[in-house]
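Reading through the C-alpha coordinates given below for one structure.
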Amino acid sequence: MPYLPWPITSGGKARQFHLLRQLAERGHQVTLLVQSKTLADEGVLQALRPLVHELIVLPRRALKHPLTLWHAAWSGLPLLATVNGHAPALSARFSRLLAQGPWDVVHIEHSYGLAPFAEALRRQGQPFVITEHNVESELGAATYGKWPAALRPLARIDQARARRWEREALSQAALVLAVTESDARSLARISGRPTHVVGNGVDTRAFAGVVPDATSRTALFLGNYEYAPNVDAVEWALTEIWPRVWAQAPELRFRVCGHGLPATWRSRFPDPRIDFQGYVPDLTEVQSRCAAFLAPLRAGGGSKLKVLEAMAAGLPLVTTPEGLTGLGVEPGVQARVGRRPDELAQALIEVLGQPERARAMGEAARAHVGRQFDWARSADQLEAAYALLRPGSPEAA
(Lines give C-alpha, C1' and ligand atoms only; values in the text may rest on other atoms or scores of the structure.)
Protein backbone atom coordinates (compact mmCIF):
# COMPACT_ATOMS: atom_id res chain seq x y z
CA MET A 1 0.00 0.00 0.00
CA PRO A 2 1.22 3.56 -0.68
CA TYR A 3 -0.03 4.74 2.73
CA LEU A 4 -0.89 3.32 6.14
CA PRO A 5 -4.52 2.19 6.54
CA TRP A 6 -4.59 3.54 10.09
CA PRO A 7 -5.73 5.94 11.43
CA ILE A 8 -8.78 5.93 9.18
CA THR A 9 -8.76 9.40 7.63
CA SER A 10 -10.20 8.54 4.21
CA GLY A 11 -12.56 6.16 2.50
CA GLY A 12 -9.65 4.28 0.96
CA LYS A 13 -8.06 3.68 4.35
CA ALA A 14 -11.38 2.51 5.78
CA ARG A 15 -11.72 0.03 2.93
CA GLN A 16 -8.21 -1.32 3.38
CA PHE A 17 -8.41 -1.57 7.17
CA HIS A 18 -11.72 -3.43 7.19
CA LEU A 19 -10.70 -5.82 4.42
CA LEU A 20 -7.51 -6.59 6.34
CA ARG A 21 -9.63 -7.22 9.43
CA GLN A 22 -11.88 -9.58 7.50
CA LEU A 23 -8.94 -11.47 6.01
CA ALA A 24 -7.37 -11.87 9.45
CA GLU A 25 -10.62 -13.20 10.89
CA ARG A 26 -10.75 -15.76 8.08
CA GLY A 27 -7.26 -17.07 8.83
CA HIS A 28 -5.26 -15.46 6.03
CA GLN A 29 -1.63 -14.58 6.76
CA VAL A 30 -0.87 -11.16 5.30
CA THR A 31 2.53 -9.53 4.94
CA LEU A 32 1.80 -5.81 4.62
CA LEU A 33 4.44 -3.64 2.93
CA VAL A 34 3.69 0.08 3.17
CA GLN A 35 5.45 3.19 1.93
CA SER A 36 4.17 5.99 4.15
CA LYS A 37 4.70 9.72 4.55
CA THR A 38 3.84 9.35 8.25
CA LEU A 39 5.54 7.22 10.86
CA ALA A 40 4.02 4.02 12.21
CA ASP A 41 3.58 5.17 15.80
CA GLU A 42 2.38 3.01 18.68
CA GLY A 43 -1.27 3.61 17.84
CA VAL A 44 -0.72 2.40 14.27
CA LEU A 45 1.17 -0.67 15.47
CA GLN A 46 -1.54 -1.58 17.98
CA ALA A 47 -4.23 -1.30 15.30
CA LEU A 48 -2.46 -3.22 12.53
CA ARG A 49 -0.26 -5.86 14.15
CA PRO A 50 -3.21 -8.06 15.21
CA LEU A 51 -4.35 -8.13 11.57
CA VAL A 52 -1.13 -9.01 9.77
CA HIS A 53 1.55 -11.67 9.95
CA GLU A 54 4.27 -9.08 9.26
CA LEU A 55 4.11 -5.29 9.01
CA ILE A 56 6.87 -3.46 7.12
CA VAL A 57 6.73 0.33 6.90
CA LEU A 58 9.26 2.34 4.89
CA PRO A 59 9.37 6.16 4.69
CA ARG A 60 8.20 8.03 1.60
CA ARG A 61 9.83 11.18 0.26
CA ALA A 62 7.97 14.44 0.68
CA LEU A 63 6.12 15.83 -2.33
CA LYS A 64 8.48 18.82 -2.52
CA HIS A 65 11.67 16.79 -2.08
CA PRO A 66 14.18 17.71 -4.85
CA LEU A 67 14.34 14.09 -6.05
CA THR A 68 10.56 13.94 -6.37
CA LEU A 69 10.47 17.15 -8.39
CA TRP A 70 13.39 15.99 -10.55
CA HIS A 71 11.71 12.70 -11.37
CA ALA A 72 8.41 14.45 -11.98
CA ALA A 73 10.09 16.58 -14.62
CA TRP A 74 12.13 13.89 -16.37
CA SER A 75 10.88 10.38 -15.63
CA GLY A 76 7.78 10.36 -17.80
CA LEU A 77 5.63 9.14 -14.91
CA PRO A 78 2.64 11.18 -13.73
CA LEU A 79 3.14 13.20 -10.57
CA LEU A 80 1.24 10.82 -8.29
CA ALA A 81 3.24 7.82 -9.50
CA THR A 82 6.46 9.83 -9.15
CA VAL A 83 5.67 10.67 -5.52
CA ASN A 84 5.24 6.97 -4.76
CA GLY A 85 7.89 5.68 -7.19
CA HIS A 86 11.67 5.91 -7.62
CA ALA A 87 12.09 4.32 -4.19
CA PRO A 88 15.19 2.05 -4.29
CA ALA A 89 14.87 0.90 -0.67
CA LEU A 90 11.23 -0.08 -1.19
CA SER A 91 12.03 -1.88 -4.46
CA ALA A 92 14.89 -3.78 -2.82
CA ARG A 93 12.76 -4.81 0.17
CA PHE A 94 9.98 -5.98 -2.15
CA SER A 95 12.43 -8.03 -4.23
CA ARG A 96 13.66 -9.80 -1.09
CA LEU A 97 10.10 -10.51 -0.01
CA LEU A 98 9.19 -11.83 -3.44
CA ALA A 99 12.15 -14.22 -3.32
CA GLN A 100 10.82 -15.67 -0.06
CA GLY A 101 7.79 -17.05 -1.90
CA PRO A 102 5.91 -18.77 -3.25
CA TRP A 103 3.09 -16.36 -2.45
CA ASP A 104 -0.55 -17.23 -2.96
CA VAL A 105 -1.36 -13.63 -3.88
CA VAL A 106 0.56 -10.44 -4.48
CA HIS A 107 -1.87 -7.54 -4.17
CA ILE A 108 -0.97 -3.95 -5.15
CA GLU A 109 -3.22 -1.06 -4.13
CA HIS A 110 -3.54 1.69 -6.80
CA SER A 111 -1.88 1.85 -10.21
CA TYR A 112 0.10 4.87 -9.00
CA GLY A 113 1.71 2.62 -6.37
CA LEU A 114 2.96 -0.03 -8.80
CA ALA A 115 6.18 1.55 -10.11
CA PRO A 116 8.55 0.42 -7.30
CA PHE A 117 7.44 -3.20 -7.75
CA ALA A 118 6.95 -3.56 -11.51
CA GLU A 119 10.48 -4.65 -12.46
CA ALA A 120 10.73 -7.37 -9.78
CA LEU A 121 7.27 -8.68 -10.70
CA ARG A 122 8.25 -8.90 -14.36
CA ARG A 123 11.63 -10.45 -13.61
CA GLN A 124 10.12 -13.26 -11.53
CA GLY A 125 7.02 -13.70 -13.66
CA GLN A 126 4.85 -13.20 -10.59
CA PRO A 127 1.12 -12.71 -11.31
CA PHE A 128 -0.43 -9.96 -9.22
CA VAL A 129 -3.72 -8.27 -8.43
CA ILE A 130 -4.11 -4.51 -8.61
CA THR A 131 -6.99 -2.54 -7.08
CA GLU A 132 -8.16 0.82 -8.37
CA HIS A 133 -10.43 2.76 -6.02
CA ASN A 134 -11.31 5.14 -8.87
CA VAL A 135 -10.75 5.36 -12.60
CA GLU A 136 -7.87 7.78 -12.15
CA SER A 137 -7.94 9.01 -15.76
CA GLU A 138 -11.54 10.19 -15.27
CA LEU A 139 -10.64 12.41 -12.29
CA GLY A 140 -8.91 15.00 -14.46
CA ALA A 141 -11.31 17.92 -14.05
CA ALA A 142 -11.44 17.65 -10.28
CA THR A 143 -7.73 17.03 -9.81
CA TYR A 144 -6.15 19.30 -12.39
CA GLY A 145 -8.78 22.03 -12.35
CA LYS A 146 -7.35 23.30 -9.05
CA TRP A 147 -3.88 23.92 -10.48
CA PRO A 148 -2.97 27.63 -10.92
CA ALA A 149 -3.51 28.99 -14.43
CA ALA A 150 0.24 29.29 -14.99
CA LEU A 151 0.63 25.54 -14.41
CA ARG A 152 -2.26 24.41 -16.63
CA PRO A 153 0.08 23.40 -19.51
CA LEU A 154 1.98 21.19 -17.05
CA ALA A 155 -1.33 19.81 -15.82
CA ARG A 156 -2.24 18.73 -19.35
CA ILE A 157 1.12 17.01 -19.72
CA ASP A 158 0.67 15.25 -16.40
CA GLN A 159 -2.85 14.17 -17.33
CA ALA A 160 -1.55 12.60 -20.55
CA ARG A 161 1.17 10.83 -18.58
CA ALA A 162 -1.47 9.58 -16.11
CA ARG A 163 -3.60 8.07 -18.88
CA ARG A 164 -0.55 6.38 -20.42
CA TRP A 165 0.68 5.02 -17.08
CA GLU A 166 -2.78 3.77 -16.14
CA ARG A 167 -2.93 1.66 -19.31
CA GLU A 168 0.61 0.38 -18.82
CA ALA A 169 0.20 -0.47 -15.14
CA LEU A 170 -3.17 -2.16 -15.36
CA SER A 171 -2.26 -4.18 -18.44
CA GLN A 172 0.53 -5.89 -16.44
CA ALA A 173 -1.86 -7.24 -13.79
CA ALA A 174 -3.31 -10.73 -13.85
CA LEU A 175 -6.50 -9.30 -12.33
CA VAL A 176 -7.82 -5.78 -11.90
CA LEU A 177 -10.20 -5.09 -9.03
CA ALA A 178 -12.72 -2.24 -9.10
CA VAL A 179 -15.13 -0.86 -6.52
CA THR A 180 -18.23 -0.57 -8.73
CA GLU A 181 -19.60 -2.24 -11.87
CA SER A 182 -19.29 0.99 -13.87
CA ASP A 183 -15.66 1.40 -12.83
CA ALA A 184 -15.02 -2.25 -13.71
CA ARG A 185 -16.29 -1.71 -17.25
CA SER A 186 -14.09 1.35 -17.69
CA LEU A 187 -11.00 -0.36 -16.26
CA ALA A 188 -11.52 -3.43 -18.43
CA ARG A 189 -11.56 -1.22 -21.54
CA ILE A 190 -8.40 0.56 -20.43
CA SER A 191 -6.44 -2.50 -19.34
CA GLY A 192 -7.69 -5.33 -21.52
CA ARG A 193 -7.42 -7.46 -18.38
CA PRO A 194 -10.03 -9.47 -16.42
CA THR A 195 -11.73 -7.02 -14.05
CA HIS A 196 -13.76 -7.94 -10.98
CA VAL A 197 -15.75 -5.95 -8.46
CA VAL A 198 -14.88 -5.88 -4.77
CA GLY A 199 -17.40 -3.40 -3.47
CA ASN A 200 -17.16 -1.14 -0.47
CA GLY A 201 -18.91 -1.97 2.76
CA VAL A 202 -19.66 -0.44 6.11
CA ASP A 203 -19.39 -1.58 9.70
CA THR A 204 -23.14 -1.42 10.31
CA ARG A 205 -22.76 -2.38 13.98
CA ALA A 206 -20.61 0.69 14.64
CA PHE A 207 -23.33 3.05 13.38
CA ALA A 208 -26.40 1.19 14.64
CA GLY A 209 -26.73 3.31 17.77
CA VAL A 210 -26.62 6.71 16.06
CA VAL A 211 -29.79 8.78 16.42
CA PRO A 212 -29.62 11.94 14.29
CA ASP A 213 -30.61 15.17 16.07
CA ALA A 214 -33.33 16.80 13.98
CA THR A 215 -33.41 19.78 16.36
CA SER A 216 -29.82 20.71 15.47
CA ARG A 217 -30.91 21.98 12.01
CA THR A 218 -27.36 21.09 10.93
CA ALA A 219 -26.13 19.30 7.82
CA LEU A 220 -22.82 17.42 7.88
CA PHE A 221 -20.13 16.79 5.30
CA LEU A 222 -17.14 14.55 5.94
CA GLY A 223 -14.15 13.98 3.71
CA ASN A 224 -10.43 13.65 3.25
CA TYR A 225 -9.36 17.00 1.80
CA GLU A 226 -6.18 15.64 0.28
CA TYR A 227 -8.65 14.27 -2.30
CA ALA A 228 -9.63 16.95 -4.81
CA PRO A 229 -13.30 15.91 -5.35
CA ASN A 230 -13.99 16.49 -1.63
CA VAL A 231 -12.46 19.97 -1.78
CA ASP A 232 -14.59 20.71 -4.82
CA ALA A 233 -17.73 19.46 -3.04
CA VAL A 234 -17.30 21.76 -0.04
CA GLU A 235 -16.36 24.82 -2.11
CA TRP A 236 -19.30 24.25 -4.46
CA ALA A 237 -21.60 23.87 -1.47
CA LEU A 238 -20.39 27.09 0.17
CA THR A 239 -20.38 29.22 -2.96
CA GLU A 240 -23.48 27.92 -4.77
CA ILE A 241 -25.73 25.82 -2.53
CA TRP A 242 -25.68 27.34 0.95
CA PRO A 243 -26.32 30.94 -0.19
CA ARG A 244 -29.55 29.63 -1.75
CA VAL A 245 -30.38 27.72 1.44
CA TRP A 246 -29.78 30.72 3.70
CA ALA A 247 -31.89 33.00 1.48
CA GLN A 248 -34.90 30.91 2.55
CA ALA A 249 -33.81 29.37 5.87
CA PRO A 250 -31.12 31.52 7.51
CA GLU A 251 -31.10 29.46 10.72
CA LEU A 252 -29.70 26.29 9.12
CA ARG A 253 -26.07 25.30 9.75
CA PHE A 254 -23.30 23.37 7.99
CA ARG A 255 -20.66 21.27 9.78
CA VAL A 256 -17.53 20.31 7.81
CA CYS A 257 -15.34 17.53 9.21
CA GLY A 258 -12.44 15.47 7.99
CA HIS A 259 -8.69 15.12 7.56
CA GLY A 260 -6.60 17.79 5.84
CA LEU A 261 -9.08 20.67 6.17
CA PRO A 262 -7.64 23.59 4.13
CA ALA A 263 -6.44 26.35 6.46
CA THR A 264 -7.76 29.05 4.12
CA TRP A 265 -11.40 28.01 4.41
CA ARG A 266 -11.97 29.63 7.79
CA SER A 267 -10.94 33.04 6.46
CA ARG A 268 -12.49 32.57 3.03
CA PHE A 269 -15.85 31.43 4.45
CA PRO A 270 -16.17 33.26 7.81
CA ASP A 271 -19.94 32.79 8.21
CA PRO A 272 -20.61 31.71 11.84
CA ARG A 273 -23.18 29.19 10.61
CA ILE A 274 -20.31 27.12 9.19
CA ASP A 275 -18.55 24.88 11.69
CA PHE A 276 -15.16 23.81 10.36
CA GLN A 277 -14.34 20.98 12.73
CA GLY A 278 -11.57 19.10 10.90
CA TYR A 279 -10.63 15.53 11.80
CA VAL A 280 -12.88 13.83 14.34
CA PRO A 281 -11.81 10.59 16.05
CA ASP A 282 -15.39 9.50 16.78
CA LEU A 283 -17.60 9.94 13.73
CA THR A 284 -20.72 8.60 15.45
CA GLU A 285 -20.57 11.40 18.04
CA VAL A 286 -20.60 14.03 15.29
CA GLN A 287 -23.32 12.22 13.34
CA SER A 288 -25.49 12.22 16.47
CA ARG A 289 -25.28 16.02 16.61
CA CYS A 290 -26.44 16.52 13.03
CA ALA A 291 -29.77 16.28 11.25
CA ALA A 292 -28.70 15.40 7.70
CA PHE A 293 -25.74 14.61 5.48
CA LEU A 294 -25.04 16.80 2.44
CA ALA A 295 -22.76 15.22 -0.19
CA PRO A 296 -22.61 17.59 -3.20
CA LEU A 297 -20.04 15.50 -5.08
CA ARG A 298 -19.40 16.32 -8.72
CA ALA A 299 -16.43 14.05 -9.42
CA GLY A 300 -14.75 10.94 -8.13
CA GLY A 301 -15.24 7.26 -8.62
CA GLY A 302 -16.10 4.10 -6.82
CA SER A 303 -18.74 4.05 -4.13
CA LYS A 304 -18.52 6.73 -1.47
CA LEU A 305 -17.76 5.34 1.97
CA LYS A 306 -18.67 8.64 3.63
CA VAL A 307 -22.13 8.32 2.07
CA LEU A 308 -22.47 4.68 3.10
CA GLU A 309 -21.52 5.54 6.69
CA ALA A 310 -24.04 8.39 6.79
CA MET A 311 -26.75 6.05 5.53
CA ALA A 312 -25.75 3.39 8.06
CA ALA A 313 -26.17 6.02 10.78
CA GLY A 314 -29.69 6.87 9.58
CA LEU A 315 -28.70 10.41 8.57
CA PRO A 316 -31.09 11.74 5.93
CA LEU A 317 -29.03 12.15 2.76
CA VAL A 318 -29.01 14.95 0.19
CA THR A 319 -26.62 14.32 -2.66
CA THR A 320 -25.88 14.31 -6.37
CA PRO A 321 -26.10 11.28 -8.67
CA GLU A 322 -22.30 11.07 -8.39
CA GLY A 323 -22.64 10.61 -4.62
CA LEU A 324 -24.74 7.48 -5.15
CA THR A 325 -22.66 5.59 -7.72
CA GLY A 326 -22.60 1.89 -7.00
CA LEU A 327 -25.02 2.11 -4.06
CA GLY A 328 -28.32 1.05 -5.66
CA VAL A 329 -30.21 3.85 -3.93
CA GLU A 330 -33.73 4.80 -5.05
CA PRO A 331 -33.99 8.62 -5.19
CA GLY A 332 -36.77 9.93 -3.03
CA VAL A 333 -36.86 6.78 -0.92
CA GLN A 334 -33.40 6.48 0.63
CA ALA A 335 -32.02 9.88 -0.41
CA ARG A 336 -32.92 13.22 -1.98
CA VAL A 337 -30.99 13.78 -5.18
CA GLY A 338 -30.26 16.87 -7.24
CA ARG A 339 -27.86 17.94 -9.95
CA ARG A 340 -28.05 21.73 -9.75
CA PRO A 341 -27.37 24.00 -6.76
CA ASP A 342 -31.00 25.14 -6.60
CA GLU A 343 -32.24 21.52 -6.56
CA LEU A 344 -29.85 20.55 -3.77
CA ALA A 345 -30.65 23.69 -1.77
CA GLN A 346 -34.38 23.05 -1.95
CA ALA A 347 -33.95 19.39 -1.05
CA LEU A 348 -31.84 20.31 1.97
CA ILE A 349 -34.36 22.90 3.17
CA GLU A 350 -37.15 20.33 2.95
CA VAL A 351 -35.15 17.58 4.68
CA LEU A 352 -34.16 19.86 7.57
CA GLY A 353 -37.64 21.34 7.78
CA GLN A 354 -39.63 18.10 7.72
CA PRO A 355 -38.08 15.95 10.46
CA GLU A 356 -40.58 13.07 10.38
CA ARG A 357 -40.29 12.56 6.63
CA ALA A 358 -36.52 12.93 6.90
CA ARG A 359 -36.35 10.37 9.70
CA ALA A 360 -38.29 7.83 7.60
CA MET A 361 -35.92 8.39 4.68
CA GLY A 362 -32.90 7.99 6.97
CA GLU A 363 -34.22 4.72 8.37
CA ALA A 364 -34.92 3.43 4.86
CA ALA A 365 -31.30 4.23 3.99
CA ARG A 366 -30.05 2.46 7.13
CA ALA A 367 -32.07 -0.64 6.25
CA HIS A 368 -30.79 -0.57 2.65
CA VAL A 369 -27.17 -0.48 3.79
CA GLY A 370 -27.81 -3.28 6.28
CA ARG A 371 -29.23 -5.48 3.53
CA GLN A 372 -26.76 -4.71 0.76
CA PHE A 373 -23.44 -3.59 2.23
CA ASP A 374 -21.21 -5.29 4.72
CA TRP A 375 -17.45 -5.80 4.81
CA ALA A 376 -18.01 -9.56 5.03
CA ARG A 377 -19.65 -9.43 1.60
CA SER A 378 -16.73 -7.41 0.26
CA ALA A 379 -14.28 -9.94 1.68
CA ASP A 380 -16.23 -12.75 -0.01
CA GLN A 381 -15.74 -10.95 -3.33
CA LEU A 382 -12.03 -10.45 -2.61
CA GLU A 383 -11.51 -14.12 -1.77
CA ALA A 384 -13.35 -15.13 -4.94
CA ALA A 385 -11.00 -12.92 -6.97
CA TYR A 386 -7.95 -14.37 -5.22
CA ALA A 387 -9.16 -17.88 -6.05
CA LEU A 388 -8.86 -17.03 -9.75
CA LEU A 389 -5.08 -16.88 -9.34
CA ARG A 390 -4.83 -20.55 -8.36
CA PRO A 391 -2.67 -22.63 -10.73
CA GLY A 392 -4.68 -23.76 -13.72
CA SER A 393 -7.06 -20.78 -13.82
CA PRO A 394 -6.88 -18.60 -16.97
CA GLU A 395 -5.89 -15.51 -14.99
CA ALA A 396 -2.94 -17.31 -13.41
CA ALA A 397 -1.47 -18.22 -16.78
Side-chain angles (χ1 to χ4, degrees), residues 1-5 12 15-16 19-20 22-23 26 28-36 52-58 60 77-78 80-81 84-137 162 164-179 183-184 186-198 302 378-379 381-397:
M1 296 180 185
Y3 45 77
L4 285 162
R15 172 186 173 89
Q16 292 163 343
L19 286 175
L20 282 171
Q22 286 285 331
L23 292 176
R26 296 170 186 221
H28 294 274
Q29 287 194 347
V30 178
T31 295
L32 179 58
L33 176 63
V34 179
Q35 184 178 219
S36 174
V52 299
H53 176 68
E54 185 177 9
L55 174 64
I56 305 166
V57 183
L58 298 182
R60 195 187 81 192
L77 290 176
L80 199 53
N84 293 280
H86 303 288
L90 180 65
S91 297
R93 189 62 180 271
F94 179 73
S95 293
R96 293 197 298 272
L97 283 171
L98 209 55
Q100 295 172 15
W103 298 91
D104 297 309
V105 176
V106 174
H107 186 155
I108 309 292
E109 288 285 315
H110 305 287
S111 61
Y112 64 73
L114 174 64
F117 317 122
E119 177 56 33
L121 289 164
R122 280 194 297 267
R123 188 170 59 246
Q124 296 209 23
Q126 171 70 52
F128 66 95
V129 176
I130 195 165
T131 295
E132 287 286 63
H133 295 206
N134 309 287
V135 182
E136 296 290 336
S137 58
R164 184 170 61 249
W165 173 249
E166 184 179 56
R167 287 194 300 273
E168 180 181 343
L170 297 181
S171 67
Q172 296 175 38
L175 285 174
V176 177
L177 304 183
V179 175
D183 280 3
S186 295
L187 293 170
R189 287 194 299 270
I190 292 166
S191 68
R193 305 302 298 149
T195 304
H196 300 267
V197 174
V198 177
S378 303
Q381 294 171 327
L382 183 59
E383 286 185 315
Y386 285 168
L388 295 172
L389 294 183
R390 290 173 181 159
S393 68
E395 287 81 0

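The CD atom of E168 sits 13.0 Å away from the OG atom of S191 when rounded to the nearest 0.5 Å. In this structure, OG on S111 lies 10.5 Å from NE2 on H133, to the nearest 0.5 angstrom. Atoms CG and CG, on L33 and L58 in that order, are 6.0 Å from each other to the nearest 0.5 Å. The line from CZ of R60 to CG of L4 is 10.5 Å long, rounded to the nearest 0.5 Å. To the nearest 0.5 Å, atom CG of residue L114 and atom CD1 of residue I130 are 5.0 Å apart. The CG atom of L187 lies 9.5 Å from the CG atom of N134; values are rounded to the nearest 0.5 Å.
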Discussion item. Checking F94 against V106 for the side chain to side chain contact (heavy atoms under 4.5 Å, CB included) test, could you report, in this order, the C-alpha distance in whole Å, the side-chain angles of both residues, the deciding distance, and whether it holds?
Written reply: CA-CA 11 Å; F94 179 73; V106 174; 4.1 Å; yes
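Contact record, P2 with Y112: CG-CE1, 3.7 Å, taken as the closest heavy-atom pair. The shortest heavy-atom contact between S378 and L19 is CB-CD2, 3.9 Å. Here the closest non-hydrogen pair linking V30 and V52 is O-CB, 3.4 Å. Annotation for H107 and L382: closest pair CE1-CD1, 3.9 Å, computed over non-hydrogen atoms. The minimum heavy-atom distance linking P116 with S91 is given by the pair O-OG, 2.7 Å. Closest approach of A379 to Q22, counting heavy atoms only: CB-CB, 3.6 Å.
Every side-chain hydrogen bond (donor to acceptor under 3.5 Å, both in side chains) that R122 has, sequence neighbours left out, goes to E119, Q172. Take R164 and apply the salt bridge (Lys or Arg N to Asp or Glu O under 4.0 Å) test, not counting sequence neighbours, and it matches no residue.
Between V135 and I190 the shortest side-chain heavy-atom distance falls below 4.5 Å. Side chains of L20 and M1 form a contact here, defined as non-hydrogen atoms less than 4.5 Å apart. Counting heavy atoms from C-beta outward, D104 and Y386 have side chains that stay 4.5 Å or more apart. At a threshold of 4.5 Å between non-hydrogen side-chain atoms, the residues H196 and L388 count as touching. Looking at E383 and H28, their side chains come closer than 4.5 Å, going by heavy atoms from C-beta outward. Counting heavy atoms from C-beta on, the side chains of L98 and R123 never come closer than 4.5 Å. Within the 4.5 Å cutoff, the side chain of L80 has no heavy atoms near those of the H110 side chain.
At least one donor-acceptor pair under 3.5 Å links the side chain of Q35 to the backbone N or O of N84. W165 places no side-chain N or O within donor-acceptor distance of the main-chain N or O of A115, the cut-off being under 3.5 Å. Side chain of T131 to main chain of E109: no donor-acceptor pair is present (N/O by atom type, distance under 3.5 Å, no hydrogens or angles).
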